[in-house]
Amino acid sequence: KASAAKASAVVTRVKKVRAAATRVRKASAAKASAVATRVKKVSAAKASAVATRVKKVSVAAPPDPLMQASAIPCGAGLGLRRGMFKALRDHPSALEHIDFFEVAPENWIGIGGRLGKAFRAYSEQKPVLAHGLSLSLGGPGKLDTEFLAQVRDFLREHHIALYSEHLSWCADDSHLYDLLPIPFTSDAVRHVAARIRQTQEIIGARIAIENASFYTPLASDMGELEFFLSVVREADCDVLLDVNNVYVNSVNHRYDPKQFIDAVPPSRVRYMHIAGHYVEAPDLIVDTHGAAVVDPVFELLEYTRQKL
């Protein structure tokens with residue numbers, strides 16, 4: 001009974017997002033034209049194969065040819081957790097409602113045995129995207145190039161089309177196990193952008209950067225939006241647009257979330273996140289991923305879908 005309840009919860013969480021994704025598919029023809037423009041940057045030999053795959057993609061650009069991975073899927077995905085394995089195994093029909101999985105590579109690199117086999121089984125059934133937790137792009141310490149080499153091999157092994165990370169920092173000699181804010185300064189823009197470019201060189205493909213939630217503004221000489229766009233522009237990277245984080249920050253720091261969405265270049269957005277949060281007070285929301293997605297976030301997702 002517990003297993004059935006878990007499977008039902010998974011399906012319920014996905015169905016509402018999937019409805020929005022269905023509307024994205026209807027716009028695929030218009031979006032494919034924009035995507036096709038980027039195909040011109042691919043070699044003539046590759047262009048024909050990539051163009052064929054563009055028909056299956058809506059807002060997603062084709063993958064970097066260096067990765068030779070499958071294109072980012074169109075639809076609604078789910079963060080894959082080990083605790084879901086039994087429910088998914090007992091109720092395989094739940095997979096029909098999930099278009100792709102997102103995983104933290106830190107949780108799966110080097111994992112073998114029963115769990116490794118289970119993960120491979122799901123990665124062979126559904127496309128997988130990788131969302132990192134520990135690279136510490138804004139940190140003061142040296143970038144962990146050894147770890148990045150492991151990430152690169154993991155992406156290639158499982159044919160993962162995209163690696164993303166948070167615009168934050170989380171380590172200094174040792175891991176701090178939290179995503180901490182970066183000062184919104186020109187020096188920080190140059191520091192983070194250089195580390196993103198180095199990451200892309202090691203990975204062999206463009207990565208996407210997620211706008212992070214934050215609660216205490218640091219000494220800064222620009223706002224959150226200007227900082228985020230400056231990093232993306234200088235690093236020449238893509239965007240994982242976390243719609244829930246935009247909403248959380250808009251409440252905590254008192255700005256219009258639609259103005260943030262309007263300013264993000266659609267051509268940079270590879271995919272989007274939504275999640276639940278905890279309301280500590282009317283003017284303080286904590287991004288916990290531990291609750292159901294609220295209607296205002298779904299409404300902002302729909303607004304974002306229309307803008308993209």
Side-chain angles (χ1 to χ4, degrees), residues 12-14 16-17 20-21 59 76-79 81 102 104 129 131-139 164-170 176-185 188-189 192 208-220 222-232 237-266 268-308:
T12 301
R13 288 174 61 192
V14 170
K16 198 167 184 181
V17 187
V59 298
L78 189 68
R81 306 291 189 268
E102 182 190 77
L129 303 180
H131 184 48
L133 300 171
S134 64
L135 188 55
S136 196
L137 283 170
S164 61
E165 250 291 357
H166 301 81
L167 186 56
S168 61
W169 69 286
C170 59
L176 303 174
Y177 300 102
D178 206 349
L179 300 173
L180 302 172
I182 305 169
F184 301 149
T185 66
V189 168
V192 177
I209 300 304
E210 178 187 340
N211 53 298
S213 58
F214 69 103
Y215 307 96
T216 302
L218 305 177
S220 302
M222 63 182 76
E224 174 197 359
L225 178 59
E226 182 182 358
F227 177 76
F228 179 69
L229 296 180
S230 296
V231 169
V232 169
C237 63
D238 290 323
V239 171
L240 163 51
L241 182 56
D242 193 311
V243 176
N244 181 65
N245 284 353
V246 174
Y247 177 77
V248 167
N249 288 350
S250 73
V251 172
N252 293 343
H253 304 291
R254 297 155 178 80
Y255 63 74
D256 183 351
K258 292 181 179 179
Q259 290 183 356
F260 190 105
I261 298 298
D262 291 346
V264 177
R268 297 269 188 182
V269 179
R270 302 302 298 276
Y271 72 115
M272 295 177 285
H273 270 175
I274 59 172
H277 52 249
Y278 174 70
V279 179
E280 177 76 24
D283 59 350
L284 177 58
I285 298 177
V286 182
D287 176 35
T288 60
H289 292 212
V293 180
V294 299
D295 286 341
V297 172
F298 275 115
E299 291 166 4
L300 187 60
L301 174 66
E302 173 61 16
Y303 177 84
T304 306
R305 184 196 68 79
Q306 293 178 10
K307 296 297 293 187
L308 296 179

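- Of the possible polar contacts, none joining the Arg270 side chain to the Asp238 backbone as a donor-acceptor pair under 3.5 Å is found.
- Summarising the geometry of Ile285 relative to Tyr215, their closest heavy-atom pair is O-CE2, 3.1 Å, with the distance given to 0.1 Å.
- For the residue pair Asp262 / Tyr303, a side-chain donor-acceptor distance below 3.5 Å is found, with atom types taken as modelled.
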Apply side-chain contact (heavy atoms from CB on, under 4.5 Å) to Val286 and Asn252, showing your working. CA-CA 9 Å; Val286 182; Asn252 293 343; over 6 Å; no
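- Among all heavy-atom pairs drawn from Val239 and Ala208, the shortest one is C-CB, 3.8 Å.
- Under the 4.5 Å side-chain criterion, counting only non-hydrogen atoms from C-beta, Val251 is not in contact with Leu284.
- With a 4.5 Å cut-off on side-chain heavy atoms, Phe298 and Val243 do not count as touching.
- Atom CZ of Arg305 and atom CG of Leu300 lie 13.0 Å apart (nearest 0.5 Å).
- Side-chain contact between Ser168 and Leu180: absent, with no pair of heavy atoms (C-beta onward) separated by less than 4.5 Å.
- Contact annotation: the side chain of Val248 never approaches that of Val297 to less than 4.5 Å [non-hydrogen atoms, C-beta and beyond].
- Between atom CG of residue Asn211 and atom CD1 of residue Ile261 there is a gap of 7.5 Å, rounded to the nearest 0.5 Å.
- By the 4.5 Å heavy-atom criterion applied to side chains, Pro296 and Tyr247 are counted as neighbours.
- With rounding to the nearest 0.5 angstrom, the CZ atom of Phe260 is 5.0 Å from the CG atom of Leu225.
- Between Met222 and Thr185, every side-chain heavy-atom pair lies at or beyond the 4.5 Å cut-off.
- Take Phe184 and apply the ring-ring contact (aromatic ring centres under 6.0 Å, His included) test, not counting sequence neighbours, and it matches Phe214, Phe227.
- Residues Ala188 and Ile182 approach most closely at CB-CG2, 3.8 Å, considering heavy atoms.
- Between Asp242 and Met272, every side-chain heavy-atom pair lies at or beyond the 4.5 Å cut-off.
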Please test Val246 against Leu241 for side-chain contact (heavy atoms from CB on, under 4.5 Å), starting from the C-alpha separation and ending with a verdict. CA-CA 8 Å; Val246 174; Leu241 182 56; 4.2 Å; yes
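- Residues that satisfy the salt bridge (charged side-chain N to carboxylate O under 4.0 Å, His left out) test with Asp283, not counting sequence neighbours, are Arg254.
- Counting heavy atoms from C-beta on, the side chains of Asn245 and His273 never come closer than 4.5 Å.
- A side-chain donor-acceptor contact under 3.5 Å links Asn244 and His277.
- Each of Leu137, Ile209, Leu179 was scored for a side-chain contact (heavy atoms from CB on, under 4.5 Å) with Leu167, with one residue passing: Ile209.
- Side-chain contact of His131 with Glu165: a donor-acceptor pair under 3.5 Å is absent, judged by distance alone.
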